[in-house]
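Before any comments, here is the structure.
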Amino acid sequence: MIHVIAFYLFAVMTIGSGAITILSRNPVHSVLWLILAFFNAAGLMILVGAEFIAMLLVIVYVGAVAVLFLFVVMMLDIDFAELRAGFVKNFPFGMLIAVVLLAEMVLGIGAYKAGALQLGTPDGTAAQPLGTSNIEAIGALLYSRYLFLFEAAGIILLVAMIGAIVLTHRQRGDTRGQKISKQIARRPDEATVNVKPEVGKGVSL
Amino acid sequence: MTSFFQTLGMSYEWAWFVSTICGILLIALPLLLGVAMIIYADRKIWAAMALRRGPNVVGPFGLLQSFADGLKVFLQETIIPSAANKGIFLLAPIVTFTVALMAWAVIPFNSGAILADINVGLLYVLAISSLGVYGTVMAGWASNSKYPFFSAMRASAQMISYEVSIGFILICVVLWAGTFNLNDIVKAQDGHVLGLFNGFGFNPLLFPMAVMFLISGMAETQRAPFDLTEAESELVAGYQTEYSSMAFAAYWLGEYANVLLMCALNATLFWGGWLPPLDIPVLYLVPGFIWFLLKVLFFFFVFSWVKATVPRYRYDQLMRLGWKVFLPTSLLFVVLVSGYLMATGHFA
């Protein structure tokens with residue numbers, strides 16, 4: 001009973017907030033509705049028993065990715081007329097992507113229903129490996145069967161991160177950076193001197 | 001509690017529902033009362049450190065000061081700036097306040113006295129605490145004013161930075177405890193060091209992590225010396241600048257509930273939660289709840305002590321501490337802890 005109510009609540013909220021994300025005129029509102037969609041998707045994950053994925057969804061997407069989205073969107077000065085002018089030009093490409101996504105989803109669900117993938121049971125409930133929790137099951141699979149793929153993904157991300165830093169980092173000769181160790185090592189008696197200058201002579205620095 | 005409601009003739013589902021609602025009220029109401037008292041305690045501690053008297057007029061020893069303040073803001077008019085984005089402006093304090101209460105669901109107050117005994121408890125805490133930043137960011141944007149906006153920018157950068165190192169620190173704890181369930185993490189600390197000390201913090205390998213967690217917690221909750229989001233000399237009152245009345249009060253309550261949560265997490269993850277500090281049978285005569293409360297209050301005292309004595313960081317110093325000091329150190333300790341555990345055959 002409560003399961004059913006919760007499912008329909010989360011499902012309706014996910015789809016509704018997803019729709020408003022697209023329809024909303026204000027980009028900041030869009031991001032906030034997107035966050036609500038993420039959050040409700042996490043709720044759906046919990047209902048099928050995938051609590052680890054749900055928590056990761058909230059930590060990674062809501063906690064980090066969406067904050068950066070919001071950060072960028074809030075600071076952008078978006079010209080709505082310009083955005084709408086590009087609509088007709090980009091429409092065929094957008095449709096193409098939509099069709100590809102739809103085909104992928106149909107294929108995926110088809111393969112899942114046919115039982116070709118060893119993911120879970122085709123009736124929609126995730127198959128819980130007996131006697132292990134969610135985290136243990138994922139860990140055992142990731143660090144044994146998919147170890148190479150997992151570490152390769154990690155290395156690709158590391159390379160991408162270093163690449164981004166190298167590309168955007170520029171060394172400027174005219175900036176004076178702080179030397180923290182020098183600042184910490186400074187003591188009051190070496191930072192100040194007591195002088196008695198003659199009247200009208202001033203002090204040398 | 002579910003079985004109690006079942007004996008009243010309810011079906012299991014309804015009994016669970018009603019008992020969960022009761023559990024939420026049992027945590028939230030004392031927590032709000034506790035927050036009111038802890039604001040008073042905070043002010044008294046600062047006053048004592050500055051050789052002042054602090055609040056001493058309303059009620060005996062000024063004990064009712066927070067309630068008087070609450071009544072005052074309740075009777076004030078809510079002013080919404082005309083250029084503000086009204087919906088988000090009003091939603092922001094609600095988000096902060098709600099999120100601050102939500103994370104308490106997985107905190108164990110005593111052996112098994114926990115609202116949601118889930119096996120991803122620690123991840124839940126991380127997930128919920130990462131939501132806290134939205135209250136600040138939404139307020140900053142919706143106020144349509146420069147200072148709140150600067151404050152929101154600062155808050156989001158600061159919280160993301162420190163969440164990274166907090167994640168690594170928690171990994172060390174999870175590696176040693178072997179579970180994400182907070183109740184089991186407390187149990188794993190029973191007689192952890194030499195069979196005498198209850199708490200990961202007494203372990204020389206994890207003590208630096210405990211200290212770093214305390215400092216990161218201050219940065220995460222934007223307490224002094226990391227309260228750059230509310231630096232009054234630069235940003236008026238930060239993201240709260242345009243707020244008045246109950247919306248302002250919601251920020252205050254949420255902020256202090258978050259600080260208490262950080263204190264509770266410190267106590268639970270590193271100092272044995274509801275276990276007594278020493279594994280001596282006599283100490284178990286004191287109820288676990290009392291030990292938990294004492295530890296939380298001790299850490300709260302540390303938080304206000306720091307606020308009263310340490311000057312505010314500069315923003316570049318804050319970022320340097322997070323990224324150049326805490327992140328490498330916590331990463332190093334993940335390697336050290338996992339290496340030690342593998343070498344001693346902890347996982348075998």
Side-chain angles (χ1 to χ4, degrees), chain A residues 1-6 24 26-36 38-39 42-43 45-46 49-76 128 132-139 143 165 177-181 183-184, chain B residues 11-17 20 85 87-88 91-92 95 99 102 106 116 118-134 136-138 140-142 144 149 152-153 155-161 163-164 166-167 170 174 178-181 184 314 316-317 320-321 324-325:
Chain A
M1 174 67 176
I2 290 168
H3 273 87
V4 178
I5 295 173
S24 170
N26 190 328
V28 173
H29 290 184
S30 281
V31 176
L32 292 175
W33 282 108
L34 182 67
I35 292 161
L36 192 64
F38 281 149
F39 210 70
M45 296 282 186
I46 287 177
E51 71 265 16
F52 181 65
I53 305 282
M55 291 305 150
L56 279 196
L57 187 70
V58 176
I59 292 172
V60 175
Y61 283 91
V62 179
V65 175
V67 173
L68 295 179
F69 265 12
L70 202 59
F71 211 95
V72 173
V73 166
M74 270 164 49
M75 299 216 275
L76 283 182
Q128 186 87 350
T132 53
S133 77
N134 232 301
I135 299 171
E136 284 167 4
I138 289 179
Y143 288 99
I165 293 171
Q178 293 176 4
K179 292 193 179 65
I180 302 291
S181 53
Q183 287 185 351
I184 295 171
Chain B
S11 73
Y12 175 77
E13 282 189 341
W14 281 108
W16 176 86
F17 189 71
T20 307
N85 192 316
I88 298 180
L91 196 62
V95 168
V99 163
M102 269 166 78
V106 292
I118 52 177
N119 58 10
V120 287
L122 202 49
L123 286 176
Y124 174 83
V125 170
L126 269 183
I128 297 301
S129 71
S130 67
L131 287 179
V133 69
Y134 284 110
T136 313
V137 172
M138 282 159 70
W141 183 78
N144 204 356
F149 192 69
M153 293 288 114
S156 47
Q158 177 177 342
M159 287 182 76
I160 289 180
S161 306
E163 253 159 39
V164 179
I166 283 185
L170 296 186
V174 169
T179 172
F180 275 95
N181 183 315
D184 290 344
R314 250 184 4 235
D316 62 316
Q317 289 171 329
R320 178 181 164 271
L321 185 72
K324 291 187 179 171
V325 180

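We name chains A, B, ... by the order of the sequence lines, and we start the count at 1 in each one. The model shown is predicted, which means the values in this text are computed figures rather than measured ones.
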Please identify, among B:A127, B:S129, B:A157, the residue contributing the most non-hydrogen atom pairs under 4.5 Å to chain A.
B:A127
Please indicate whether A:F71 has more than 12 foreign heavy atoms, meaning atoms of other residues, nucleotides or ligands, lying under 6.0 Å from its CZ.
yes
At a 4.5 Å cut-off on heavy atoms, which part of A:L57 comes close to chain B: side chain, backbone, both, or neither?
neither
Taking only residues two or more places apart in sequence, or in another chain, which ones meet A:F38 in a ring-ring contact (aromatic ring centres under 6.0 Å, His included)?
A:Y61
Mind checking the CH2-CG spacing from B:W141 to A:N26? Nearest 0.5 Å is all I need.
4.0 Å
Side chain, backbone, both or neither: which part of B:M159 has a non-hydrogen atom closer than 4.5 Å to chain A?
neither
Whatever's closer than 4.5 Å to a heavy atom in chain B on A:L56 counts as neither
Counting heavy-atom pairs under 4.5 Å with chain A, which one of B:V137, B:I128, B:I118, B:L91 comes out on top?
B:V137
Under the side chain to side chain donor-acceptor pair (under 3.5 Å) rule, collect the residues that match up with B:R314, sequence neighbours excluded.
A:Q178, B:D316
Distance in Å, B:F149 CZ paired with A:M74 CE, rounded so as to fall on 0.5 Å steps:
4.0 Å
Return the OH to CG distance between B:Y134 and A:L70, rounded to the nearest 0.5 Å.
6.5 Å
Does the side chain of B:L131 reach to within under 4.5 Å of the side chain of A:V62, using non-hydrogen atoms?
yes
CD1-CZ distance between A:I180 and B:R320, expressed to the nearest 0.5 angstrom:
4.5 Å
Identify the heavy atoms of B:I160 and A:G63 that sit nearest to each other, and give their distance.
CG1-O, 4.4 Å
Segment of A:A66 engaging chain B (4.5 angstrom heavy-atom cut-off)
both
In the structure I gave you, are the side-chain heavy atoms of B:N85 and A:H29 within less than 4.5 Å of one another anywhere?
yes
Grab the two heavy atoms, one from A:I59 and one from B:L123, that are nearest each other, plus how far apart they are.
CD1-O, 3.6 Å
